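Notes for the one structure printed next.
These numbers come from the heavy atoms of this one structure, side chains and all, not from hydrogens, waters or symmetry mates. Because the structure is a prediction, the values reported are computed rather than measured.
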Amino acid sequence: MKTAITEMFGIEHPIIQGGMHYVGFAELAAAVSNAGGLGIITGLTQKTPELLAKEIARCRGMTDKPFGVNLTFLPSFTAPPYPEYIAAIKEGGVKAVETAGRSPEQYMPALKAAGIKVIHKCTSVRHSLKAEKIGCDAVSVDGFECGGHPGEDDIPNMILLPRAADELKIPFVASGGMADARSLVAALSMGAAGMNMGTRFIATKEAPVHDNVKQALVKATELDTVLVMRALRNTERVLKNKGVDQLLEVEREKGASLKIGDIHEQVAGVYPKVMIEGDMDAGAWSCGMVAGLIHDIPTVKELIDRIMADTERLIRGRLTGFLDADSEAALKVA
């Protein structure tokens, strides 16, 4: 399938693996790229720029296909050395960067000078337009359903994607709630040029996380996520667990006076405990409502091949069938 996104990044399928803390290692990024999508290494999971450079090199040893690096600009307890991370990306020959969180404007000159295509994750049309204005090549439009940070507007993708299509001149992909061919077909129909999947890729064989995490996603429903840190205007969608219950209790007690230090135990240093050690009650970790659509743990290739085969079946069979005389056949296509 050819779209503006496949052409921009030199990939076979319009599927991007989102950056995920303590998930986006070389193993997963290479598997996604080898399967025809765009794999993404999560930059800040690597604690230093030097370690990121090594992870990029490790990924290069696993795939000869294009892959990218995620850089997230968010409030944190310590400010990462972003210029040094960008230098590692440039020196590693990576030509795609997914930025997220705060505006990447101050880092755009360095990224563009290195010939890097930038796709910025946005949770609103106004932020998407700002990304376009500062020179981003594409946007990942992130609906309220997403895992991680959905912004503060609470706009779901059925509204957000068509609005983005109305306003943007640069291509965009749909993010949040993306899991299968139905997600991709719907995203394409609303003007997107592809989709970004995060949570769904965690439940794959190559995802380098503890099996407890994968099993939790298979077991979870769309009702098993919750929003935290709303009072801090740093809203995050996470999977419910005992640590999150404690966090919510602190939030209820503190109300509008909540400070990040009040919930430090439930949000800081949680990812290694969850993703590596498999402690599912450690605290807050990002998870999308799409967990309700995850029912198995395939290989990345099996997942992407299935998505693309089902996408063709849905478009050629179901959608085209509605316009043909044999509409009964279309109705039978799930």
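The closest side-chain heavy-atom distance from Lys121 to Thr99 is not below 4.5 Å. For the pair Leu239/Val244, no side-chain contact is recorded, criterion being any heavy-atom separation below 4.5 Å from C-beta on. When side chains are defined from C-beta on, Met280 does not count as touching Asn241, because their heavy atoms never get closer than 4.5 Å. In this structure, Pro208 and Met275 have side chains that are not in contact, with every pair of non-hydrogen atoms separated by 4.5 Å or more. Inter-residue side-chain proximity for Lys219 and Gln215 is flagged as unmet; no heavy-atom pair is nearer than 4.5 Å. Residues Pro150 and Thr235 form a side-chain contact, since some pair of their non-hydrogen atoms from C-beta on lies under 4.5 Å apart. Side chains of Val218 and Lys214 form no contact here, defined as non-hydrogen atoms less than 4.5 Å apart. Residues Val173 and Val141 are not in side-chain contact: their nearest non-hydrogen atoms beyond the backbone lie 4.5 Å or more apart.
At distances below 3.5 Å, not a single donor-acceptor pair connects side-chain atoms of Gln17 with backbone N or O atoms of Gly37. The closest donor-acceptor contact from the side chain of Glu55 to the backbone of Ala26 lies under 3.5 Å. In this structure, the side chain of Glu251 does not engage the main chain of Leu258 through any donor-acceptor pair within 3.5 Å. Judged by distance alone, with hydrogens and angles left aside, the side-chain atoms of Glu27 form no donor-acceptor pair with the main-chain N or O of Glu206 at under 3.5 Å. A donor-acceptor distance shorter than 3.5 angstrom exists from the side chain of Ser257 to the backbone of Lys254, with no hydrogens or angles considered. Here the side chain of Thr221 pairs no donor or acceptor atom with the backbone of Gly292 at under 3.5 angstrom. Within the 3.5 Å criterion, the main-chain N or O of Thr3 finds a donor-acceptor partner in the side chain of Thr6. Remark: the backbone N or O of Arg182 is paired with a side-chain donor or acceptor of Asp180 at under 3.5 angstrom. Proximity of a side-chain donor or acceptor of Asn34 to a complementary backbone N or O of Met62 within less than 3.5 Å is detected. Looking at Asn196, its side chain never comes within 3.5 Å of a backbone N or O of Ala174 through a donor-acceptor pair.
No more than 12 heavy-atom neighbours from other residues, nucleotides or ligands sit within 6.0 angstrom of CD1 on Ile159. Residue-environment remark: NZ (Lys242) stays at or below the threshold of 12 foreign heavy atoms within 6.0 Å. Summarising the local packing, NZ of Lys240 is surrounded by more than 12 heavy atoms from other residues, nucleotides or ligands at distances under 6.0 Å. The number of heavy atoms from other shown groups lying within 6.0 Å of NZ (Lys130) does not exceed 12. At most 12 non-hydrogen atoms from other residues, nucleotides or ligands lie less than 6.0 angstrom from CZ of Arg233. Crowding of Glu265 atom CD: a count of heavy atoms from other residues, nucleotides or ligands under 6.0 Å not exceeding 12.
Among residues at least two apart or in separate chains, side chain to side chain donor-acceptor pair (under 3.5 Å) pairs with a member in residues 64-73 are Asn70-Thr72, Asn70-Glu98. Under the salt bridge (Lys or Arg N to Asp or Glu O under 4.0 Å) criterion, the residue pairs touching residues 279-303 are Arg200-Asp296, Asp296-Arg306, Lys301-Asp305, with sequence neighbours excluded.
For Glu84 against Pro49, the heavy-atom pair with the smallest separation is CB-CG, 3.4 Å. Scanning both residues, Met178 and Val290, for their nearest heavy atoms gives O-CG2, 3.6 Å. Phe67 approaches Ile56 most closely through the heavy-atom pair CZ-O, 3.8 Å. Scanning both residues, Phe201 and Thr204, for their nearest heavy atoms gives O-OG1, 2.7 Å. The two atoms that bring Ser128 and Cys122 nearest to each other are OG-CB, 3.4 Å, heavy atoms only. Closest of all the heavy-atom pairs between Ile116 and Val94 is CG1-O, 3.4 Å.
Between Arg316 and Glu312 a salt bridge is recorded (basic side-chain N to carboxylate O distance below 4.0 Å). Taking a cutoff of 4.0 Å between a charged side-chain nitrogen and a carboxylate oxygen, Lys112 and Asp137 qualify as a salt bridge.
In terms of hydrophobic clustering, with Ile, Leu, Val, Met, Phe, Trp and Tyr side chains grouped at heavy-atom distances under 4.5 Å, Leu51 and Ile41 are assigned to different clusters. Each of Ile16 and Phe25 belongs to its own hydrophobic cluster when Ile, Leu, Val, Met, Phe, Trp and Tyr are linked at side-chain heavy-atom distances under 4.5 angstrom. The cluster map of Ile, Leu, Val, Met, Phe, Trp and Tyr, joined by side-chain heavy atoms under 4.5 Å apart, puts Val118 and Ile40 in different clusters. By the criterion of side-chain heavy atoms lying less than 4.5 angstrom apart, applied directly or through intervening Ile, Leu, Val, Met, Phe, Trp or Tyr residues, Ile260 is grouped together with Leu248 in one hydrophobic cluster. A single hydrophobic cluster is not seen to contain both Met8 and Val139; linkage of ILVMFWY side chains at heavy-atom distances under 4.5 Å, directly or through other members, places them apart.
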*For the pair Met20 and Ile202, evaluate side-chain contact (heavy atoms from CB on, under 4.5 Å) and give the outcome as yes or no after the intermediate values.*
CA-CA 9 Å; Met20 294 172 284; Ile202 302 178; 3.7 Å; yes

*Candidate pair Arg126 and Asp153, rule salt bridge (charged side-chain N to carboxylate O under 4.0 Å, His left out), full reasoning*: CA-CA 11 Å; Arg126 66 184 182 280; Asp153 293 341; 2.6 Å; yes

*Take Ile119 and Phe9 through the test side-chain contact (heavy atoms from CB on, under 4.5 Å) and record every step on the way to the result.*
CA-CA 10 Å; Ile119 180 167; Phe9 294 111; 4.2 Å; yes

*Take Asp310 and Arg313 through the salt bridge (charged side-chain N to carboxylate O under 4.0 Å, His left out) test and state the conclusion after the steps.*
CA-CA 5 Å; Asp310 287 349; Arg313 181 173 60 89; 3.7 Å; yes

*In sequence, state the C-alpha distance, the side-chain angles, and the governing distance for Glu91 and Ile86, and then conclude on side-chain contact (heavy atoms from CB on, under 4.5 Å).*
CA-CA 9 Å; Glu91 291 163 11; Ile86 291 170; over 6 Å; no

_Test log, rule side-chain contact (heavy atoms from CB on, under 4.5 Å), inputs Val274 and Tyr22_ = CA-CA 9 Å; Val274 174; Tyr22 276 86; over 6 Å; no

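Interatomic distance, CG of Leu247 versus CZ of Arg252, reported as 10.0 Å (0.5 Å rounding). How far CZ of Phe172 is from CE of Met195: 14.5 Å, rounded to the nearest 0.5 Å. Between the NZ atom of Lys117 and the CG atom of Leu38 there is a distance of 13.0 Å, given to the nearest 0.5 Å. Here Ser286 contributes atom OG and Tyr271 contributes atom OH; the two are 3.0 Å apart, rounded to the nearest 0.5 Å. In this structure, OH in Tyr85 is found 8.5 Å from CD in Glu50, a value given to the nearest 0.5 Å. Taking CD1 of Ile155 as the reference point, atom CG of Asp142 lies at 13.0 Å (rounded to 0.5 Å).
Thr42 and His21 are not linked by any side-chain donor-acceptor pair at a separation below 3.5 angstrom, with hydrogens and angles left out of the test.
Under a cutoff of 6.0 Å and an axis angle of 45°, Arg237 and Phe144 form a cation-pi pair.
The aromatic rings of Tyr107 and Tyr82 lie tilted to each other, with the angle between the two planes from 30° to 60°.
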